[in-house]
A.B. asks: 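Before we start, here is the structure in question, set down as structure tokens.
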2 protein chains.
Amino acid sequence: MAADGATQRAACGQRRVEGSSRCRDCEIRSRAFCAAFGDAELTALEAVIETISLNANSEVFFEGDTADYIYNVNAGTVKIFKSLQDGRCQILGFPVEGDLLGYPVGDSHTYSAETLTPVRLCRVSRARLRDLASGFPALESKLLEIMAGELAGSQAQMTVLGRKSAPERVASFLVQLSDKSIANGGTGASLSLSMSRHDVADFIGLTAETVSRVLTQLTRDGLIAIPQPYRVDLIRIEALRDLAAAEASI
Amino acid sequence: MAADGATQRAACGQRRVEGSSRCRDCEIRSRAFCAAFGDAELTALEAVIETISLNANSEVFFEGDTADYIYNVNAGTVKIFKSLQDGRCQILGFPVEGDLLGYPVGDSHTYSAETLTPVRLCRVSRARLRDLASGFPALESKLLEIMAGELAGSQAQMTVLGRKSAPERVASFLVQLSDKSIANGGTGASLSLSMSRHDVADFIGLTAETVSRVLTQLTRDGLIAIPQPYRVDLIRIEALRDLAAAEASI
DNA sequence: CGTCTAGTTGAATTATATCAATTCACGTGG
DNA sequence: CCACGTGAATTGATATAATTCAACTAGACG
């Protein structure tokens, strides 16, 4: 469904820059950093933003690249990850619509970003954004809020990676996707995955085989159902939450 | 050296509030968020900050507590961590002098904080800080910069926890401490640990026994020396870096 | 001088990784 | 429309890194 084979290099032709967009009409603006801008400032924002379309499996940027731009995901799913020398990979997250890609601080990107599905992005020059920000303190507030949210998420994921068992990790991952789906207006009961088992494994610190085994076991136990490989129905979501939430309930 | 036995609850008497401090004379101001304030604004800051002294092994706050204050570590070492229901623990970091404790966003603390050594803290009411911030946009910039640094650190640690072997984890930890020591003006060759083997284990996702075994092996291999349990000399630091840096060198 | 805790070391266990077939889903081309 | 080929997912057998359980050692402190 999502992956279509060869991880072909994103030729320039694949990266269609579609010119300035009309932020006024943007459906996800309220969820993105652009929410910081009032109607009055939108014109300035529109002049600075470009929309880009990418195929599945194309890179957006690499770790270490000069960070001239930051991006907002408009549609589709991206994976952001760090690579080790011998090919090991740690996926840091799966940004979707409304999520920020790249950080407003620092000279170079601290992770690589690659699309999992066809993706539409808004691209903003960091230099221009900085110019804008000087006039709108609300923007830095919003960015601070976003970064704090990401930091809290990273720390929760550190707990998953450092201290949870394989079934707990898988359950945590599913519950997390479910919550995100609910936040975006879905029911959270039926998930459409846009990443492979291997990507799931690289996110929660396991191997693809172990992820597969755990999913099979969860299916046998009646906690989930997998009608198609890229679809997961959460049947007994409270049981999944219990498994995931080895966390102390505050 | 650091731990002195029972994790006694911090009685109120141990939390000595010493009143307002003179930020002007603060030696670590340049390294803390207060660096955002110019000489002119320091008076306002001084009126809002309180200095607090804590014994070793006292809690600063718990995960879930209402976050009325944020803190700056002035001296000593703190551990910040998340707990699971059954007692498992993931340590997120070991803030030292100049580091921020608690985040300027969100209603409650997302982790617990406990001192490892005697600690001096600056405490600022978040409400008052917010008032100050409205006048000084530089403060939010500084906080954004700090949060971005912490986020990058968390993501690096995710890679350690998700994808590295036990020796690589220990080496990563030692190199990280060494770099921090260098950044603070030390040589980075001789480390004074303020945390137990168990705390190290809870930070890098291992058990205390495994940490101990790896340290013994690194000693046998001549990469480090451990003259006292809480002191580690890095003998062949390049070899340690190689071991730690399974990371792709950009 | 004895007690207590942290640390180290050893032996046995186990969860997960690794290696190796199958099976499955899906797009392609006949 | 169906056979085929391809990559992903699943399943099984085995290996192994790290944990667990347990004993022992060494400082620290009363």
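We use all heavy atoms of the structure for the numbers below, so side chains are in, but hydrogens, waters and symmetry mates are not. Order of the sequence lines sets the chain letters (A, B, ...), proteins ahead of strands, with each chain counted from 1. Model, not experiment: these values are computed from the prediction.
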A.B. asks: Could you give the CG-to-C1' distance, from A/L161 to C/dT16, as a whole number of Å?
C.D. replies: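 Nearest whole value for this atom pair: 15 Å.
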A.B. asks: Can you see whether B/Y69 has B/R123 sitting over its ring - NZ or CZ less than 6.0 Å from the centre and within 45° of the normal?
C.D. replies: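 Flagged: B/R123 positioned over aromatic ring of B/Y69.
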A.B. asks: From CG of A/D86 over to P of C/dA17, roughly how many Å is that when rounded to an integer?
C.D. replies: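 These atoms are roughly 15 Å apart.
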A.B. asks: Can you tell me the distance, in whole Å, between the CD1 atom of B/I226 and the C1' atom of C/dA6?
C.D. replies: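 Distance, rounded to whole Å: 13 Å.
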A.B. asks: Whole Å only: how far is the CZ atom of A/R197 from the C1' atom of D/dG7?
C.D. replies: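 Interatomic distance, CZ of A/R197 to C1' of D/dG7: 14 Å.
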A.B. asks: Between B/N184 and B/R31, do the side chains contain a donor N or O and an acceptor N or O under 3.5 Å apart?
C.D. replies: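 Result is yes, a qualifying pair exists.
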A.B. asks: Using atom CD of A/Q217 as one end and atom C1' of C/dT16 as the other, report the distance to the nearest whole Å.
C.D. replies: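 Taking atom C1' of C/dT16 as the reference, CD of A/Q217 is at 15 Å.
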A.B. asks: Side chains of A/S181 and A/S178: is there a donor and an acceptor less than 3.5 Å apart?
C.D. replies: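 There is no such pair between these side chains.
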A.B. asks: Does the ring center of A/Y111 lie less than 6.0 Å from the ring center of A/F81?
C.D. replies: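 Aromatic pair excluded; centres sit 6.0 Å or further apart.
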A.B. asks: Under 4.0 Å: is that the gap between some side-chain N or O of B/Y230 and OP1 or OP2 of D/dG27?
C.D. replies: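 Answer is no, no contact under 4.0 Å.
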A.B. asks: Does B/E238 have more than 12 heavy atoms from other residues, nucleotides or ligands lying within 6.0 Å of its CD?
C.D. replies: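 Result for CD/B/E238: enclosed.
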A.B. asks: Between the side chains of B/R231 and B/S190, is a donor N or O closer than 3.5 angstrom to an acceptor N or O?
C.D. replies: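 B/S190 and B/R231 do have a side-chain donor-acceptor pair below 3.5 Å.
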A.B. asks: Nearest whole Å is fine: how far is D/dG7 P from A/D199 CG?
C.D. replies: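 The answer, rounded to whole Å, is 17 Å.
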A.B. asks: A/S196 side chain: which of C/dT9, C/dG7, D/dA9 is closest?
C.D. replies: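 When the side chain of A/S196 is considered, D/dA9 is the closest of C/dT9, C/dG7, D/dA9.
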A.B. asks: What does the B/S/- profile of nucleotides 13-21 of chain D look like, 5' to 3', with a 4.0 Å heavy-atom cutoff to protein?
C.D. replies: B----SBBB
A.B. asks: Just how far, in rounded Å, is C1' of C/dA15 from CZ of B/R88?
C.D. replies: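 In whole Å, C/dA15 C1' lies 13 Å from B/R88 CZ.
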A.B. asks: How long is the line joining CG of B/L193 and C1' of C/dG7, in whole Å?
C.D. replies: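 So the two atoms are 13 Å apart, to the nearest Å.
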